[in-house]
Amino acid sequence: MTPSQRAVVARLGTTQTLAWASSYYLPALLAAPLSAELGLPATSVFGAFTLALVISALVGPRAGRAIDELGGRRVLLVTNVLFALGLASLGLVQSEWQLWAAWALIGVAMGSGLYDAAFATVVRLYPASARNAITGITLVAGFASTVGWPLTTWWIETLGWRGTCLTWAALHVLLGLPLHAWLPRTAVETAAEEADQRPQLREVSAAPRQVPRWMGMAMAAVFAITWFTSTAMAAHLPTLLQAQGLSAAAALGVAMLVGPAQVAGRLLEFGFLRHVHPLLSARLAAATHPLGVVGFMAFGPAAAWLFAGLHGTGNGILTIAKGTLPLVVFGAAGYGQRQGWLTAPARITQAAAPVLFGLAVTQWASGALWLTAGLGVLALLMLQAMAAHLPR
């Protein structure tokens with residue numbers, strides 16, 4: 001990466017950390033004190049969060065199109081304002097309908113300000129060399145929970161949950177807005193120029209290809225499956241580990257391995273796997289969860305760490321593949337809007353995953369892992385079919 005590209009990656013990685021920490025990772029710690037003060041069941045808080053995820057799926061394609069036409073800088077500046085307004089509203093709620101309205105506004109910000117928007121921004125700025133930039137952003141923002149959860153806990157203890165929401169809102173104004181304002185206003189490189197200079201990137205920078213329609217549908221299905229599995233594991237992994245015989249403390253310790261494993265997967269993508277086609281790295285990553293399940297179910301608690309490591313590593317690589325695969329298969333033109341449509345089903349399955357997989361866990365206990373393993377094999381088969389129809 002050039003110095004200017006590294007600066008863009010650092011800014012977007014920082015703002016993505018802020019955005020994820022103040023939205024996706026907020027309900028887990030905010031639900032208890034908020035519901036206690038307002039006299040609402042915790043299910044209302046998570047229901048409002050689910051609404052935010054659904055709204056983000058609907059907003060994504062329009063936000064992506066706006067980035068294609070106007071550039072990411074303008075759109076991301078607006079999302080900082082939306083995040084600030086939504087979080088400030090959340091900190092001031094007095095009734096249930098206000099809670100749902102605040103999360104609906106945050107959902108609009110999530111649909112136009114999380115990974116898809118950041119990926120579309122760097123693709124518009126660096127259409128040929130965006131793969132490294134996408135990887136760099138996910139490396140930095142991969143620590144969103146590591147940074148966000150301790151800060152949220154500390155602020156709830158010192159400022160209360162309302163003060164916590166207002167503090168996150170202030171950070172979007174004081175930190176997010178300046179960092180996005182410093183982004184380049186226009187494309188830094190053109191796809192044609194960069195492809196001439198770096199022939200090995202010609203495949204990545206080619207403008208829109210005519211590929212079978214089913215490939216787009218298959219890619220959307222792969223993203224939906226992987227996000228379903230990722231969210232299901234985030235919500236239920238400690239319970240699953242205990243159902244297989246681990247103690248509560250051991251289950252928590254093993255579950256904590258997923259985060260570092262995700263970062264390790266992204267480092268692997270940034271190092272060795274960046275020299276191979278994204279479709280190959282995506283297939284390798286899709287196979288990790290099913291392999292981990294087979295090992296865990298065959299060898300029991302002794303293989304729990306292997307399962308967590310494989311799942312986390314694959315999930316980290318697939319997060320990057322979600323940004324790089326559409327770029328390689330379809331080209332840079334219209335990337336933002338296309339990305340919004342491709343990931344919309346994933347946002348829906350992500351919203352439904354905790355409830356649906358929770359029902360599976362209730363019915364089958366640790367046997368519910370065979371469900372996600374089967375879905376992982378299905379995703380792998382679809383990626384294999386795509387590889388068979390793409391030019392080598």
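Quick note: residue numbers are just sequence positions, from 1.
- Take H180 and apply the ring-ring contact (aromatic ring centres under 6.0 Å, His included) test, not counting sequence neighbours, and it matches no residue.
- V78 and L70 fall into different hydrophobic clusters, defined by Ile, Leu, Val, Met, Phe, Trp and Tyr side-chain heavy atoms under 4.5 Å apart, directly or through other members.
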Check step by step if side-chain contact (heavy atoms from CB on, under 4.5 Å) holds for F296 and L241.
CA-CA 9 Å; F296 185 44; L241 294 172; 3.7 Å; yes
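- Using modelled atom types and a 3.5 Å distance limit, the side chains of T288 and H311 yield no donor-acceptor pair.
- In W214, the CH2 atom is crowded: over 12 heavy atoms of neighbouring residues, nucleotides or ligands sit closer than 6.0 Å.
- Contact annotation: the side chain of L90 approaches that of L26 to within less than 4.5 Å [non-hydrogen atoms, C-beta and beyond].
- Other residues, nucleotides and ligands place more than 12 heavy atoms under 6.0 Å from the CH2 atom of W370.
- Counting only heavy atoms from C-beta outward, the side chains of T15 and L76 never approach each other to under 4.5 Å.
- In terms of heavy-atom proximity, V93 sits nearest to A102 at CG1-CB, 4.3 Å.
- Every salt bridge (Lys or Arg N to Asp or Glu O under 4.0 Å) that R65 has, sequence neighbours left out, goes to E69.
- Under the 4.5 Å side-chain criterion, counting only non-hydrogen atoms from C-beta, I225 is not in contact with T349.
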Let's go through T229 and H289 carefully: what are the C-alpha distance in whole Å and the side-chain angles of both, what is the deciding distance for side chain to side chain donor-acceptor pair (under 3.5 Å) to 0.1 Å, and is it a yes or a no?
CA-CA 9 Å; T229 300; H289 180 83; 5.2 Å; no
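- Heavy atoms only, all atoms of each residue included: G336 and A120 are closest at CA-CB, 3.7 Å.
- Residues G331 and R338 come closest through the heavy atom pair O-NH1, 3.5 Å.
- A 4.5 Å side-chain heavy-atom check between H277 and V328 finds at least one atom pair inside the cut-off.
- Side-chain contact, D68 with Q337: no donor N or O sits under 3.5 Å from an acceptor N or O.
- To the nearest 0.5 angstrom, Q350 atom CD is 7.0 Å from S56 atom OG.
- Residues L114 and A19 approach most closely at CD2-CB, 3.7 Å, considering heavy atoms.
- Note: T319 OG1 to F223 CZ = 10.5 Å, rounded to the nearest 0.5 Å.
- Interatomic distance, OG of S23 versus CD1 of I106, reported as 7.5 Å (0.5 Å rounding).
- Within the 4.5 Å cutoff, the side chain of N80 has no heavy atoms near those of the L179 side chain.
- Contact between G72 and T121 at its shortest, heavy atoms only, is CA-OG1, 3.3 Å.
- The backbone N or O of Q384 lies less than 3.5 Å from no partner atom in the side chain of R283, so there is not a single donor-acceptor pair.
- For W100, the CH2 atom sits in a packed shell: over 12 heavy atoms of surrounding residues, nucleotides or ligands are nearer than 6.0 Å.
- The minimum heavy-atom distance between T164 and L159, with the atom names listed, is N-CB, 4.3 Å.
- Electrostatic pairing of R347 and D116 counts as a salt bridge here, judged by a charged N lying under 4.0 Å from a carboxylate O.
- If you take OG1 on T313 and CG on L284, they are separated by 12.0 Å, rounding to the nearest 0.5 Å.
- M297 is listed as a side-chain neighbour of Q244, based on a closest heavy-atom distance under 4.5 Å.
- Atom CZ of R131 sits about 8.5 Å away from atom CG of L325, to the nearest 0.5 Å.
- One N or O on the side chain of S247 and one on the backbone of A250 form a donor-acceptor pair closer than 3.5 Å.
- A distance-only check finds no donor-acceptor pair linking the side chain of Q242 to the backbone of A249 [under 3.5 Å].
- Distance alone, capped at 3.5 Å, places no donor-acceptor pair between the R73 side chain and the W182 backbone.
- The side chain to side chain contact (heavy atoms under 4.5 Å, CB included) test with R266 singles out one residue from L139, I137, I317, and that residue is L139.
- Below 30°, between 30° and 60°, or above 60°: for W20 and Y24 the angle between ring planes is above 60°, a perpendicular geometry.
- Atom CZ in R124 sits 14.5 Å away from atom OH in Y335 (nearest 0.5 Å).
- Side-chain contact between M219 and P326: present, with at least one pair of heavy atoms (C-beta onward) separated by less than 4.5 Å.
- For the ring pair (Phe, Tyr, Trp, His ring centres under 6.0 Å) with W103, the lone residue among F49, F83, W97 that qualifies is F49.
- If you check the side chains of T152 and W168, you find a donor sitting under 3.5 Å from an acceptor.
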